[in-house]
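No experiment lies behind these values; they were computed from the predicted model shown. Naming: A, B, ... by sequence-line order, numbering from 1 per chain.
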Amino acid sequence: MPEGHTIHRQAREQRADLVGHVVRTDAVQDRFAGAAARLDGQVLTDVDAYGKHLFQTWEDGSVVHVHLGLYGKWRRQPVPPLWMVGAVRLRLVGPTHAWDLAGATVCALVTPEEQERVLDRLGPDPLRPDADPGPFLAKVARSATPIGALLLDQAAVAGIGNVYRAELLFTGGIDPRRPAKELRPHERDRLWTEIVHQLGLGLDVGHIVTLRDDELDRPRPEVPRDEGLYVYHQEACRVCGSAIRTTALAARRIDWCPHCQPRRPRRTHEAPVAPPPG
DNA sequence: CGATTATGATTAA
DNA sequence: TAATCCTAATCGC
């Protein structure tokens, strides 16, 4: 179940396996049979990821657009491919490895213009080196939407999913229910830094692992946990032990620590206390 | 073996 | 907000 880091990882692996090679295709599901037949025997010239969207560019200029959605999966196996799991919609067979696609929300043959239209709808992708945080920061500063909902809006920032939004707000120390525009400038900037850092870590490691700065140089505490997460589907906060709270935001569950993510930003330096009147 | 849940997103109401 | 697309793992009976 993929967020942006997964898609970028798969794009990287497909580039290594398939780009520059003649690819044989095979479509098990009828709905994509025609497209697959057209691609069969062509050289795959590029694979690239934007947010959660994957684009494969082929020799004749056509583009395969894939969005895995909630259930979609790419499966990689050696050549010749021996097994087939589920309803495989598209099979790409390269010189050494084959890639099977199943369950994707989107698998379509598009033109470069249609690809551009998809990209136009996306906010900056933190996993792309040229990502410009400007539009994201401006949206946060302007929007009354809860920040926890805005992080799932792919037009605001591309590639964040339900696990990352919860974890990023934890490492950023922000209550997900706070209206975006009420974040302080340093919290906005910090949030973008966290997004770039944590998704980049996920891309390198191959799965979601969030790390707060203060734990970077420290062995992680031996607390039972799923996949090294701070709050998502956790019962107690790994840092302070508080009971994790859960609610729905943008129609998805979100978990947060009421102590590490206070509703009001905690002041680094307490304001001078005014002498009591009278 | 059926019900439930899931790292997504669009469309209709 | 709800229904829908569609796959797979997990859990309860």
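- Side-chain contact between A/Thr57 and A/Val63 is present, with at least one heavy-atom pair separated by less than 4.5 Å.
- In this structure the side chain of A/Leu109 reaches within 4.5 angstrom of the side chain of A/Val64, judged on heavy atoms.
- Contact between A/Val205 and A/Arg9 at its shortest, heavy atoms only, is C-NH1, 3.9 Å.
- Contacts between residues 168-179 of chain A and DNA chain B, defined by a heavy-atom separation below 4.0 Å, involve no residue at all.
- Residue A/Tyr71 contributes atom OH, which lies 10 Å from atom P of C/dC6 at whole-angstrom precision.
- Remark: nothing in residues 73-93 of chain A comes within less than 4.0 Å of DNA chain B through any heavy atom.
- Applying the side-chain hydrogen bond (donor to acceptor under 3.5 Å, both in side chains) rule to A/Asp255 yields the partners A/Thr246, A/Arg253; only residues at least two apart in sequence or on another chain are considered.
- Environment of CD in A/Glu235: sparse, with no more than 12 heavy atoms of neighbouring residues, nucleotides or ligands closer than 6.0 Å.
- Residues satisfying the side-chain hydrogen bond (donor to acceptor under 3.5 Å, both in side chains) criterion with A/Gln77, sequence neighbours excluded, are A/Asp100.
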Annotated structure of DNA chain B as dot-bracket, pair cut-off 3.5 Å, Watson-Crick or G-U only, | for inter-strand, is ||||||.|||||.
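- Legend: side-chain hydrogen bond (donor to acceptor under 3.5 Å, both in side chains) pairs involving residues 63-74 of chain A, not counting sequence neighbours, sorted by first then second residue: A/His53-A/His65.
- Side chain of A/Gln154 to backbone of A/Ile160: a donor-acceptor contact under 3.5 angstrom is found.
- The P atoms of C/dC13 and B/dT5 are separated by 13 Å, rounded to the nearest whole Å.
- Proximity of A/Asp40 to A/Arg24: side-chain heavy atoms (C-beta onward) are separated by under 4.5 Å at one or more points.
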Could I get a table of every N or O pair under 3.5 Å where one atom is in the protein and the other is in nucleotides 2-4 of chain C?
none

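- Taking atom CZ of residue A/Arg165 and atom C1' of nucleotide B/dG8, one finds them 12 Å apart after rounding to whole Å.
- Scanning for ring-ring contact (aromatic ring centres under 6.0 Å, His included) contacts around A/Trp192 gives A/Phe136, with sequence neighbours left out.
- Rounded to whole Å, the distance from CG on A/Leu68 to C1' on B/dA6 is 14 Å.
- In this structure the side chain of A/Asp26 never reaches within 4.5 angstrom of the side chain of A/Val88, judged on heavy atoms.
- Annotation: side chain of A/Ser62 is in contact with side chain of A/Arg38 (closest heavy-atom distance under 4.5 Å).
- With sequence neighbours left out, the side-chain hydrogen bond (donor to acceptor under 3.5 Å, both in side chains) criterion links A/Glu113 to A/Thr111.
- Annotation: ring-ring contact (aromatic ring centres under 6.0 Å, His included) contacts of A/His97 (sequence neighbours excluded): none.
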Give the table of side-chain donor-acceptor pairs shorter than 3.5 Å for residues 144-153 of chain A, with sequence neighbours excluded, one pair per line with atom names and distance.
unit_1	atom_1	unit_2	atom_2	d
A/Thr145	OG1	A/Ser143	OG	3.1
A/Asp153	OD1	A/Ala155	N	2.9

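- With rounding to whole Å, A/Arg253 atom CZ is found 17 Å from B/dT4 atom P.
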Might you list the N or O atoms of the protein lying below 3.5 Å from N or O atoms in nucleotides 9-11 of chain B, with each pair's distance?
unit_1	atom_1	unit_2	atom_2	d
B/dA9	OP1	A/His67	NE2	3.1
B/dA9	OP2	A/Lys52	NZ	2.7

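- Taking atom P on both nucleotides, C/dA3 is separated from B/dT4 by 14 Å, rounded to a whole Å.
- Considering A/His8, A/Arg128, A/Gln56, A/Gln14 as possible partners of A/Asp48, the one that fulfils the side chain to side chain donor-acceptor pair (under 3.5 Å) test is A/Arg128.
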